There are 2 protein chains.
Amino acid sequence: MLRGAHIVLVEDDEIMGASLLQRMQLEGAEVIWHKQAQRALGAIRTPRSPIDAVICDIRLPDGTGEELYNTLCQTSAPPPFLFITGHGGIDQAVRLIKAGAADYVTKPFEIAVFLERLAMLLSQRPKGGMPPLLGVSPAAQRVDELALKAAKTDRPVLIVGGPGTGKELVARRIHQASDQRAAAFVTVNLAREADPESALFGSGGAWDQVGDGVLFLNALSRLPEAAHLALLDAMEGGFGGRIIASCGQEMAEIIASNDARADFFYRLNMVEIPIPPLGQRTEDAVWLMQQLYPEMNAARNRPLSGVSSLCIESVRAHDWPGGGRELRARLQRGVENASGDLLQPLDIFPETLIQPGRGQTLAEARDAAEKARIIDALAQTDGKISKAAEMLKVSRTTLWDKMQKLGIEVKSR
Amino acid sequence: MLRGAHIVLVEDDEIMGASLLQRMQLEGAEVIWHKQAQRALGAIRTPRSPIDAVICDIRLPDGTGEELYNTLCQTSAPPPFLFITGHGGIDQAVRLIKAGAADYVTKPFEIAVFLERLAMLLSQRPKGGMPPLLGVSPAAQRVDELALKAAKTDRPVLIVGGPGTGKELVARRIHQASDQRAAAFVTVNLAREADPESALFGSGGAWDQVGDGVLFLNALSRLPEAAHLALLDAMEGGFGGRIIASCGQEMAEIIASNDARADFFYRLNMVEIPIPPLGQRTEDAVWLMQQLYPEMNAARNRPLSGVSSLCIESVRAHDWPGGGRELRARLQRGVENASGDLLQPLDIFPETLIQPGRGQTLAEARDAAEKARIIDALAQTDGKISKAAEMLKVSRTTLWDKMQKLGIEVKSR
DNA sequence: AGTGGGTGTTCGGAATTCTGAACATCCATA
DNA sequence: TATGGATGTTCAGAATTCCGAACACCCACT
C-alpha cells in the first residue's frame, strides 16, 4: 500500500507509463506523470506538495534521467530517485547509485517486485498525518490503538515493557490524546529517587503539582510497599487526575509471590498496555533508525552519504536489549565516529571488534592450532620440512600443502 | 602510478590474475594475490601491512566475493573494495554499491580504464604521517582515529579492551592530542584500590587533584554501585575536566542484567573506543616486537644478529592472551637468554619444549584445538548442540560426530 | 493425547584432504 | 663436475570428512 505517497513518474513510453501510473494509483499513491525531462525538472524543483519519490526512466526525448538527477543535485537535495530503464548498463547503475540514487531497476521487471522496492524506499520517509508513535510494526500500531483507547477514559493505566521501549512516550501520548491535555504531566522516576515516598507526597512533591493532570510513575515496582497505602488513599480522596504507571516484566514475579502487592497492582492495572521489546519488532528498529538518522547526520561537519544496506541488516538482526535508548546511543556514536562515507555495521556495533573467540568457526580454530603446531615443529627441526613432517606424522607433501595454505614461510631470516 | 600502494587481489582465474598482478606491480604497487575467499579473508583481516584497496572477483572456488565483503563488514571496516566480474548483474552491482563497495567493473575491461578507476580510488585515501600508537593493522589505525576524534571533544570516553591492549596508552594519547594537554592526567586503577570511593572523593583523592584535567578510571566495572551517583553528581557540579574510563568486555553483561547501571554506563559511554585483542591483530604483534627488539638487543653484551623468520611466524601464530604486556615480557626474556645467534621461537616460547606440544602429532594438535573450541561453544550456548553447531559453522551431525570422537558429553547439570 | 523442538543415530553420496610417486631444481660437498 | 639430499610442484587415486535427509525418541507444554 502506498496510500498518501506523492510520487513523480518520469517516463516517455506511453504503455509503460500508463501501466505504472495505474498500478501505483491502485495502491493509493498520488502520481504525477511527466514525459519530458524539462517538465519534470520544474515539477520536482517546485512541487505542489512534498515529493516522496521519483520514478525515472533513463532515456527521455529531451535528455536522460541521469542528467535530470545531476541537475537537481546541483541545487538541492532531491527526493529519492528510483531509476528504471530498458537499456541499462552496469556502469551507469554503479555511477548513479554512487551519486546517491536510491535504486535502479531494469526493464522488464515484475511489477510486484518493483512495488516492493518502491515501498521499501518510501517507508524510509517520515509519513505525514499522524506519525506513528513507536514504529510501523503491527505490534507498535496496536500499542498506539491501546493508548488512544486509554486516553478516552480516566482510569489508571499500567504500561508494561522492557528498558527503552518508550513507556514514557506512550504515557505522554495518552495524556495528549485525552481531554485533559491542558493539565499538568508530572513524571516521577522511582528508580532514580533516593526517597520515593517524599518525592511523591512531600511538600512540593509530585502530588502537589499534579492537580487534575497525569501523574506518571516510572518503575512502579520500585515503590516501597509502605507507600502503597498512601498512594491508594490519595487516589480515593477526591483526586481529579489520573495515574499512569510503568514497569518491566518483573511485575509478574512480584505479583505471584506477594498477595498484598498483587492487590495494589491490580488497582493500578485497570488498563494494561504491554509493549513488546524492540528486539522482537525488527521493523521498528529499522524505522526508528531512519527517523533518527537524518537529524544526527545533519549535525556532522561533513554529512555521510547514507546508511549501507548491511548496516540496516545488522540493525534488524540485533537484539536491542536496551531498546530505543540503546539504539539512539549507538546511532549517535556511530554517526559521529563513522570512519567511511557510508554508515557501516561496525560503526554502530564497535564491540564486535573485541569479542574474542566468539564467532571463531571450528575450521578457524583448527587452522590456528595447526599453524602453531607446524611452526613449533619447524622450530624444533631448525626449519627442515621433511623432518618436521615426520615428527608431525604427515607426509611431506601434506605439510608442504598446509604451509602454503596457512602462509608459513621458512627463509633464512 | 600506484607506487607504494598495498593491494590485495582476489581472483581464481590464473590468467586474469597473473595479468592484473603483473600490471599493477609494473605500476609500482605491492600486490598480494589470493585465489580463495577463505584465505583472502584471513589476509585482509590481519594484513602484513595496511591495505589500501582490494580487487575482488565475484566468482571464487569457495564462495563469492560478495560473501567475503559482507563477512568482513560484520567485524571490521574493510578497505575499499573494487569488484571485477565476468558474470555481473545490475542487481548485484546495485546491491554491492549500496552496501558500500567502492566500485564495480565487468570483464572484459580495458586495463587502462581499470587502472584509472583504481588510481581514482586510491587517491582518496588520506596519508597519515603520525607514528602508529598501537600498531599498523586497520583495527589499530581505527583506534588511533577514534582517539584523535575523541580528543577534539570533552565528552566522557569509554575505552573497552582486554588485558594488555594499551588502554592507558590510548587514554594518554587522547589527553595529549587535546587542547587541555597542559592540565593534569590523574589515573585511578579501581582494580587496585581497596576503597575506590575514598580514592576518588576522599580528601587529597583523585577528584581533588584533577582540576581541569583528565581523570582516567581504569577497570570501571569495579566501581561499586553506590559510587555511581556520587560520580555523576561530581561530573554535573561544574566539573571542567573530563572522564576517560576503561573496562573489559564484562561491561556488556553487567548492562544487560542491570537497568540502573545501564543508565550510568551510557552516561560515560558517549564515545566508545574498542580495542581488539592483540591475538586478533597479528600484524601488530609482529610490529610491536620489531619496535621493542632493537632496544632490548642493544642491551646485550653480544648483540644478536637478528630475528629468525620462524620466530616472526610464531609470534604471529600465538594468541597473546596477555596482550602487549605478555609480549614485552617474553621478548625481554628471550633476547636475554637467546642461545644462538638468531632469536628463535624457542627463545620466546620456551614452554613448548616441556609442554604437551612436544611430540604432538598434527592430528593430535588439531583434535585438541577442536575439542577446546567445541567445549567453549557448548558453554556459550548452554549445551545446545544445534546452536553450537551453527556457531561453529558445521552441520549438527558433524558436530555430534566430533563430540563422540573427542569424548565430549553434555551433562544435564 | 497431541505437538513442537531439540537430541541420538544411521546412511549414502559429495566434497575434501592426504598420500605416494614422479620429476625438475637447487646446493653443498666430495 | 658428479653426487646425494633436500626442496618445490604436479597428479590421480585412496581415505576421510562433511553434509543433509531421515527416523526414533524424549520432554516440556498444551
Side-chain angles (χ1 to χ4, degrees), chain A residues 249 252-253 256 280 360-375 377-413, chain B residues 12-15 17-18 21 32-42 59-64 67 308-310 313 360-375 377-413:
Chain A
Q249 269 78 357
E253 295 162 27
Q280 287 175 20
Q360 198 188 28
T361 75
L362 203 54
E364 283 164 357
R366 203 166 42 207
D367 285 354
E370 283 198 339
K371 184 170 180 178
R373 183 72 194 96
I374 291 173
I375 289 170
L378 284 170
Q380 283 173 32
T381 59
D382 196 30
K384 305 286 179 212
I385 294 178
S386 306
K387 291 264 184 192
E390 196 180 330
M391 177 182 302
L392 296 171
K393 298 269 174 61
V394 293
S395 75
R396 189 178 64 86
T397 44
T398 301
L399 178 55
W400 174 249
D401 226 38
K402 285 189 181 295
M403 284 171 62
Q404 293 298 103
K405 268 192 207 160
L406 300 172
I408 302 172
E409 292 174 33
V410 245
K411 285 183 205 147
S412 53
R413 150 169 328 186
Chain B
D12 61 326
D13 183 276
E14 289 287 344
I15 300 172
L21 179 72
I32 300 171
W33 180 9
H34 287 277
K35 294 171 191 168
Q36 291 172 40
Q38 285 305 315
R39 303 297 163 207
L41 183 64
R59 277 196 171 180
L60 294 168
D62 61 338
T64 71
E67 287 163 8
S308 84
S309 66
L310 268 180
E313 286 303 329
Q360 201 182 32
T361 262
L362 197 56
E364 285 163 358
R366 201 170 38 209
D367 288 351
E370 283 200 339
K371 185 169 181 176
R373 183 72 194 96
I374 289 174
I375 289 173
L378 283 171
Q380 279 177 39
T381 58
D382 198 30
K384 306 280 179 214
I385 294 179
S386 308
K387 293 264 182 193
E390 195 180 334
M391 177 183 303
L392 296 171
K393 298 264 173 65
V394 293
S395 74
R396 191 179 64 88
T397 47
T398 301
L399 177 56
W400 195 85
D401 228 36
K402 285 187 184 295
M403 285 170 62
Q404 295 301 102
K405 209 179 287 177
L406 300 170
I408 302 171
E409 285 180 43
V410 192
K411 290 168 211 154
S412 53
R413 108 171 26 175

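None of these values were measured; they are calculated from a predicted model. Each chain gets a letter, A, B and so on, in the order the sequences are listed, and its residues count up from 1.
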Check your understanding: Is the distance from OP1 or OP2 of dT7(C) to the nearest side-chain N or O of Ser386(B) less than 4.0 Å?
Key ->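 For Ser386(B), the contact criterion (side-chain N or O under 4.0 Å from OP1 or OP2 of dT7(C)) is met.
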
Selection from [options] that lies nearest to any side-chain heavy atom of [X]:
| X | options | value |
| --- | --- | --- |
| Ser395(A) | dG20(C), dG8(D), dC18(D) | dG20(C) |
| Gln404(B) | dT9(C), dT7(D), dC19(D) | dT9(C) |
| Ile385(B) | dT7(D), dC18(C), dG8(C) | dG8(C) |
| Lys402(B) | dT19(C), dT17(D), dC18(D) | dC18(D) |
| Lys384(B) | dC19(D), dT7(C), dA6(D) | dT7(C) |
| Trp400(A) | dC19(D), dT7(D), dG8(D) | dG8(D) |

Rounded to the nearest Å, what distance is computed from the [atom1] atom of residue [X] to the [atom2] atom of nucleotide [N]?
| X | N | atom1 | atom2 | answer |
| --- | --- | --- | --- | --- |
| Lys405(B) | dC18(D) | NZ | P | 7 Å |
| Glu370(A) | dT16(C) | CD | C1' | 13 Å |
| Met403(B) | dC18(D) | CE | P | 15 Å |
| Lys393(B) | dT16(C) | NZ | P | 16 Å |
| Leu362(A) | dT16(C) | CG | P | 16 Å |
| Glu390(B) | dG5(C) | CD | P | 15 Å |
| Leu399(B) | dT9(C) | CG | P | 14 Å |
| Asp401(A) | dT16(D) | CG | C1' | 15 Å |

Got a second to check how far [X]'s [atom1] is from [Y]'s [atom2], nearest 0.5 Å?
| X | Y | atom1 | atom2 | result |
| --- | --- | --- | --- | --- |
| Thr381(B) | Lys387(B) | OG1 | NZ | 9.0 Å |
| Gln380(B) | Asp382(B) | CD | CG | 11.5 Å |
| Lys402(B) | Asp367(B) | NZ | CG | 7.5 Å |
| Leu378(A) | Arg373(A) | CG | CZ | 10.0 Å |
| Leu399(B) | Glu370(B) | CG | CD | 9.5 Å |

Exercise for review: Specify the closest pair of heavy atoms between Ala369(B) and Ala369(A), including all atoms of both residues, with the distance to one decimal.
Suggested key: CB-CB, 3.1 Å

Practice item. Considering non-hydrogen atoms only, spot the tightest contact between Ser386(B) and Arg396(B) and give its length. Key: OG-CD, 3.5 Å

Between the protein and nucleotides 23-29 of chain D, which nitrogen or oxygen pairs are less than 3.5 angstrom apart?
none

Review point. Can any side-chain N or O of Thr64(B) pair as donor or acceptor with the backbone N or O of Glu67(B) at less than 3.5 Å?
Key: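 Yes; at least one donor-acceptor contact below 3.5 Å.
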
Check your understanding: Quick one: bend of the helix from dA1(C)-dT30(D) to dA30(C)-dT1(D) from 5 pairs per end, to 10°?
Key -> 30°

Point to revise | Pairwise 5' ranking along DNA chain C for Thr397(B) and Lys387(B), keeping only the more 5' one | key: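 Its nearest nucleotide lies further toward 5', so the answer is Lys387(B).
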
Check your understanding: Step by step, would you call Met403(B) with Ile385(B) a side chain to side chain contact (heavy atoms under 4.5 Å, CB included)?
Key -> CA-CA 10 Å; Met403(B) 285 170 62; Ile385(B) 294 179; 3.9 Å; yes

Practice item. Go through the steps for Lys371(A) and Glu313(B) under the test side chain to side chain contact (heavy atoms under 4.5 Å, CB included), then give the verdict. Key: CA-CA 9 Å; Lys371(A) 184 170 180 178; Glu313(B) 286 303 329; 3.9 Å; yes

